Amino acid sequence: MSACEFESLEKSLESHLPEAELREVRRILFGKETQKLDLPVAAVQAASERDFELKGYRFDAIQEQLRPPRRIRVGLVQNRIVLPTDAPVLDQVNALHSRMAEIVEAAAMCDVNIICFQETWTMPFAFCTREKNPWMEFAESAEEGSTTRFCQELARKYNMVIISPILEREELHSTVWNTAVVISNSGTVLGKSRKNHIPRVGDFNESTYYMEGDTGHTVFQTQFGRIAVNICYGRHHPLNWFMYSMNGAEIIFNPSATVGDLSEPMWPIEARNAAIANHCFTCAINRVGTEHFKSEFTSGDGKKAHHDFGHFYGSSYVAAPDGSRTPGLSRTRDGLLVAEMDLNLNRQLCDKWTFKMTGRYAEYAQKLTEAVRHDFKPKIVKE
Ligand SMILES: NC(=O)NCCC(=O)O
């Protein structure tokens, strides 16, 4: 079986382990069990007709005496590109818009309050090619572009906050960014969060196309909680998650595009660890499928030139501050993951583990300031 045929770790465990053993494996691998959500029949039917996986889970929190629960639902979308990468640009974008409209409608049936799409969801992940044409044509304005207009309509129609990660062109200086546009459930553009860390690894030649973000660690206050967006490669940087959390994020979304050979063993760990370390929920989203490009490209590693990036392995999941997590979506299929969470869990875990309280941040701030200076002398004791 090839890596792009392997459905998921969860399915494999389910089909091969006896029930009692499976429970123990799940307890250790996934933490406190998330309950399956009873999703409406209409949504399940829509998912089956439209050929995407639909899964729903609930994270529970303690019922407090003074604070009412703050229960909300998030939706994570992973999908393949719809048309081949050499189809006309506008056709590719429109096809992805139509696909997303089908999935968002099902999310609305499931009472999703905040939905997040995958990184640069309106295009193939063409940054492996190092070609400028036609990929730069996918870049659009975060405020006025057709994708934002499209999302604004959906946000209003379904009373849903939408996180729409796109390739952004800032018109005045024609600067290009990798940006998540955050659209309020009122349909207003609440703001945008630009990718802070740009990869220079394997075929991820993104620095050819856009710059390190300049929006810092913005947190967006929505009707359904305070949210932030840490785009893809930013998940390898603990301080990036940390700063969103320092600004008060209750849920941090991580829209991504990453391939099996490079990052799959890290995937289940990083967002989950960030949820634990920062007392918040995290949502890891990855695209699916293998995208083929007309021109060959090399990876600068002595291997033969190739036409594809490798397999984007999906496996989107949500992690909670108590270390529990949902099972992942499939590695091969389009999917919508619905997760219900009580945001009160964040403070409950803060009180239990006190990582924030015991973090000694002032001490580290000072040490870090020293460590990044050119004349820094590391403290190493030698015999
Ligand atoms: N899109 C992106 O930043 N990918 C980099 C590779 C990774 O972070 O796994």
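This one's a predicted model, so the numbers in the text were calculated from it and none came from an experiment. In each ligand, atom 1 is the first atom listed, and ligand 1 is the first ligand listed.
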Participant: With atoms numbered from 1 as shown, which atoms in ligand 1 lie under 4.0 angstrom from a non-hydrogen atom of S263?
Facilitator: 9 (O)
Participant: Quick one: does ligand 1 sit under 4.0 Å from the side chain of F204, the backbone, both or neither, non-hydrogen atoms only?
Facilitator: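 F204 to ligand 1: side-chain contact only, backbone stays beyond 4.0 Å.
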Participant: Show the atoms of ligand 1 that are less than 4.0 angstrom away from any heavy atom in C232.
Facilitator: 1 (N), 2 (C), 3 (O), 4 (N), 8 (O)
Participant: Are E10 and R26 within salt-bridge range, i.e. N to O under 4.0 Å?
Facilitator: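 Between R26 and E10 there is no salt bridge, as every charged N stays at least 4.0 Å from the carboxylate O atoms.
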Participant: Only heavy atoms of E119, strictly under 4.0 Å: list the atoms of ligand 1 that pass.
Facilitator: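 Matching atoms, with element in brackets: 1 (N), 2 (C).
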Participant: Can you list the atoms of ligand 1 that are under 4.0 Å from a heavy atom of H236?
Facilitator: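 Contacts of ligand 1 toward H236, numbered from 1: 7 (C), 8 (O), 9 (O).
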Participant: Give me the nearest non-hydrogen protein atom to atom 9 (O) of ligand 1 as residue plus atom name, then the distance to 0.1 Å.
Facilitator: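 Closest protein heavy atom to atom 9 (O) of ligand 1: T258 OG1, 2.6 Å.
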Participant: Tell me if the centroids of the rings in Y244 and F253 come within less than 6.0 Å of each other.
Facilitator: no
Participant: If you count the atoms of ligand 1 from 1 in the order shown, which ones are under 4.0 Å from a heavy atom of K195?
Facilitator: 1 (N), 2 (C), 3 (O)
Participant: Under 6.0 Å between the ring centres of F309 and F293?
Facilitator: no
Participant: Here's a test for you: under ring pair (Phe, Tyr, Trp, His ring centres under 6.0 Å), which of W177, F125, F204, F127 qualifies with Y209?
Facilitator: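 Per the ring pair (Phe, Tyr, Trp, His ring centres under 6.0 Å) rule, the option paired with Y209 is F127, out of W177, F125, F204, F127.
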Participant: List ligand 1 atoms under 4.0 Å from L262, heavy atoms only on the residue side.
Facilitator: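 Within the 4.0 Å cut-off of L262, ligand 1 contributes 6 (C).
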Participant: Does H197 come within less than 4.0 angstrom of ligand 1, counting non-hydrogen atoms of the residue?
Facilitator: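 H197 does not count as a contact of ligand 1 under the 4.0 Å cut-off.
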Participant: Tell me whether the centres of the aromatic rings in H292 and H307 are closer together than 6.0 Å.
Facilitator: no
Participant: Does the gap between the ring centers of H197 and Y233 come in under 6.0 Å?
Facilitator: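 Not close enough - the centres of the two rings lie 6.0 Å or further apart.
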Participant: Applying a strict 4.0 Å limit to heavy atoms, is F125 in contact with ligand 1?
Facilitator: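 Distance cut 4.0 Å: F125 passes for ligand 1.
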Participant: Restricting to non-hydrogen atoms, name the atom on I81 and the atom on E291 that form the minimum distance, rounded to 0.1 Å.
Facilitator: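 Residues I81 and E291, closest heavy atoms: CG2-OE2, 3.6 Å.
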Participant: Cation-pi between R331 and F6: NZ/CZ under 6.0 Å from ring centre and within 45° of the ring axis?
Facilitator: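 No, cation not above the ring by the 6.0 Å, 45° rule.
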Participant: Report, in ascending order of atom number, the atoms of ligand 1 lying under 4.0 Å from any heavy atom of A257.
Facilitator: 1 (N), 2 (C), 4 (N)
